[in-house]
Amino acid sequence: MRKQLVCFFTAFTFLVLLNGGTARDLRNVTEPKTPETCTTLKPSVKDETKNIQKALDTCSKGKAVALSSGIFYSGPLSIPSGVSLLVEKNATLAAFPTPELYDRGANTCGTIDDIGEGCKPFITISGANGSGIYGKGVINGLGGTKMTGRNISWWRLAREATKVHKLQNNPKLIRIENSTDITLYQITLRDSPFYHVESFLTFGFTVWGITIIAPANALNNDGIDPTGSMNVTIAHCNISTGDDNIAISALYAPARHISVTNNYLSHGNSMGIGAGAIYGVSEVTVTNLTLNNIRHGLYIATSTLNGGLVTNITYNNVCIKNSKWPINLDTNYYHQKGNYTPQFTNIAFNNIRVVTNGTFLIHGVSKSVPITASFNNVHISKGSVWTVRNAVVKGTWEEDADGNSCGIAGNV
Ligand SMILES: *[C@@H]1O[C@H](CO)[C@@H](O)[C@H](O)[C@H]1NC(C)=O
Ligand SMILES: *[C@@H]1O[C@H](CO)[C@@H](O)[C@H](O)[C@H]1NC(C)=O
Ligand SMILES: *[C@@H]1O[C@H](CO)[C@@H](O)[C@H](O)[C@H]1NC(C)=O
Ligand SMILES: *[C@@H]1O[C@H](CO)[C@@H](O)[C@H](O)[C@H]1NC(C)=O
Ligand SMILES: *[C@@H]1O[C@H](CO)[C@@H](O)[C@H](O)[C@H]1NC(C)=O
Ligand SMILES: *[C@@H]1O[C@H](CO)[C@@H](O)[C@H](O)[C@H]1NC(C)=O
Ligand SMILES: *[C@@H]1O[C@H](CO)[C@@H](O)[C@H](O)[C@H]1NC(C)=O
Ligand SMILES: *[C@@H]1O[C@H](CO)[C@@H](O)[C@H](O)[C@H]1NC(C)=O
Ligand SMILES: *[C@@H]1O[C@H](CO)[C@@H](O)[C@H](O)[C@H]1NC(C)=O
Ligand SMILES: *[C@@H]1O[C@H](CO)[C@@H](O)[C@H](O)[C@H]1NC(C)=O
């Protein structure tokens with residue numbers, strides 16, 4: 001396989017330099033500071049929805065509603081502009097597993113259909129500027145708990161849906177839309193019925209030092225999904241999920257200027273880009289990353305159904321262990337067909353170490369629209385398989401990765 005590749009290190013270095021300046025969050029992001037509290041709540045009733053929502057609605061801008069120790073059960077909440085939620089160390093905010101509470105009006109939340117959009121999220125941040133979720137406490141989606149009055153959990157519902165090729169109507173844990181300057185800091189998110197965090201049309205989004213935990217076998221419980229968002233930083237996070245740990249997409253708006261730095265991702269599906277890329281994903285840099293027990297590793301996947309231009313993507317200092325497809329650039333995702341051309345260009349892999357064997361796949365859509373990628377200081381394990389077609393790959397790799405452990409955040 002190696003023979004198919006040519007070394008052009010000079011050209012490669014030039015590209016990196018050219019691109020070094022803007023392929024990232026354009027803001028200068030530093031560790032967030034937890035805002036002062038406007039009020040502190042203690043759990044007092046079975047259903048805390050009204051208490052928490054009222055506190056959020058009356059909190060002054062720039063401040064946070066704190067939840068102190070104990071378990072707060074709640075239905076859907078909305079965080080207003082400029083206000084934050086602070087879940088303190090010994091506190092848990094738990095999402096009632098009651099489909100009716102999240103229903104958008106069609107009585108489909110908690111059922112299976114062809115659309116899968118029947119539920120509101122547990123926490124919504126919409127049309128906001130300067131809001132956030134802070135604290136060392138936990139937000140628990142109770143994805144594995146039986147729904148109220150039912151003999152099935154959200155996750156089980158997702159499994160049943162897959163069996164009949166339909167979609168589950170489950171709530172996302174946190175959805176941020178049409179917003180600016182949003183922060184998630186330190187919080188632990190767990191067991192979401194659906195995606196844990198989704199941002200859409202969000203400009204300025206910092207996710208720093210958060211933990212996401214969900215079982216490796218739960219379906220669609222992605223960690224962080226920035227979609228159609230710009231100026232995004234995901235740093236110092238520890239994400240263990242059943243589906244994509246991080247998935248960047250651009251189905252309805254472009255996704256640009258994204259930095260993913262110093263993260264540890266385990267179990268789950270991927271450090272991913274794609275699924276929908278019609279509006280283009282570009283200027284993404286992933287630095288200091290460890291992937292442990294992950295299906296697709298560094299994954300860019302779209303198809304002609306909803307592909308587009310994915311360009312100027314750089315991976316620096318990545319260690320990968322136990323991945324079936326450590327690097328997978330796939331333009332034929334699930335063999336879906338449509339009229340959009342998936343084009344991946346200027347995809348750079350620098351200082352990559354893959355310590356266990358796997359299949360490396362680089363498949364462009366056609367000879368005339370090849371994937372262009374570069375490899376610099378890439379070390380993989382003996383016994384790995386390469387499959388490359390419709391691609392122009394500069395640089396090469398060595399089959400000399402030794403040892404079989406990755407430390408945290410890209411350290412071997
Ligand atoms: C990709 O990077 C090149 C070189 O810096 C730049 O000219 C081009 O505009 C970038 N593409 C996008 C879509 O940002
Ligand atoms: C980020 O920091 C650099 C170096 O201090 C500075 O030149 C640049 O203007 C800053 N950018 C922003 C958007 O603040
Ligand atoms: C991204 O951040 C830069 C620097 O702060 C800013 O100039 C630019 O407008 C931001 N882009 C968006 C889409 O918010
Ligand atoms: C933590 O919360 C539990 C109840 O959920 C309580 O028993 C315990 O005392 C709390 N610990 C602290 C340090 O607040
Ligand atoms: C987006 O948020 C702004 C407030 O920042 C609001 O005025 C506008 O209506 C919102 N647009 C949509 C489509 O929700
Ligand atoms: C967001 O709020 C800050 C002040 O906290 C203000 O400077 C900025 O202009 C606001 N941005 C938008 C898009 O409203
Ligand atoms: C609940 O579902 C389980 C299987 O998941 C089944 O064994 C049990 O009989 C069911 N119970 C009721 C009351 O339907
Ligand atoms: C990630 O979080 C899990 C669960 O809290 C913890 O067991 C593990 O040590 C953490 N790993 C890193 C590298 O922080
Ligand atoms: C990546 O890790 C190295 C070594 O710990 C550190 O020096 C560097 O600042 C990190 N890079 C970023 C972008 O945080
Ligand atoms: C890859 O590694 C596994 C586990 O160590 C081993 O069983 C398998 O034989 C290896 N495959 C190749 C092609 O070397």
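Both ligands and their constituent atoms are indexed starting at 1 by order of listing. These numbers come from a predicted model, not from an experiment.
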For [atom], find the nearest protein heavy atom and state the residue, atom name and distance (0.1 Å precision).
{"atom": "atom 13 (C) of ligand 8", "result": "Ile408 CG2, 3.0 Å"}
{"atom": "atom 5 (O) of ligand 2", "result": "Asn28 ND2, 4.7 Å"}
{"atom": "atom 6 (C) of ligand 5", "result": "Asn178 ND2, 4.2 Å"}

* **Distance-only donor-acceptor check, side chains Asp25 and His257, under 3.5 Å** =>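 Result is no, nothing qualifies.
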
* Asked: Can Arg27 and Thr206 be counted as having a side-chain donor-acceptor contact under 3.5 angstrom?
  ->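 Present: a donor and an acceptor within the cut-off.
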
* Identify which one of Asn292, Asn245, Thr290 satisfies the side-chain hydrogen bond (donor to acceptor under 3.5 Å, both in side chains) criterion when paired with Tyr264. =>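 That would be Asn292; it is the only one of Asn292, Asn245, Thr290 passing the side-chain hydrogen bond (donor to acceptor under 3.5 Å, both in side chains) with Tyr264.
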
* Looking only at N/O atoms, are Asn238 and ligand 8 under 3.5 Å apart anywhere? ->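 Yes; the residue has a nitrogen or oxygen that sits under 3.5 Å from a nitrogen or oxygen of the ligand.
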
* **Within 6.0 angstrom of Phe96 CZ, more than 12 heavy atoms from elsewhere** =>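 Yes - once you tally the heavy atoms of other residues, nucleotides and ligands closer than 6.0 Å, there are more than 12.
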
* So, is Arg27 polar-close to ligand 2, with some N/O to N/O distance under 3.5 Å? ->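 N/O-N/O distance below 3.5 Å does not exist for this pair.
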
* Salt-bridged, Glu198 to Lys172, with N to O below 4.0 Å? ->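 A salt bridge is present here (some side-chain N lies under 4.0 Å from a carboxylate O).
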
* Asked: Is there a protein heavy atom less than 4.0 Å away from atom 9 (O) of ligand 8?
  ->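 So atom 9 (O) of ligand 8 lacks protein heavy-atom neighbours under 4.0 Å.
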
* Asked: From atom 2 (O) of ligand 8, is the closest protein heavy-atom distance below 4.0 Å?
  ->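 Yes.
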
* To do: On the 0 to 90° scale, with breaks at 30° and 60°, tag the Phe349-Phe375 ring pair as parallel, tilted or perpendicular.
  =>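 Phe349 vs Phe375 ring planes: parallel.
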
* Heavy-atom distance to atom 4 (C) of ligand 5: which of Ser126, Ser81, Gly127 wins? ->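 The option holding the nearest heavy atom is Gly127.
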
* Which of the atoms of ligand 2 are close to Leu26, meaning less than 4.0 Å from one of its heavy atoms? ->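 Contacts of ligand 2 toward Leu26, numbered from 1: 13 (C).
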
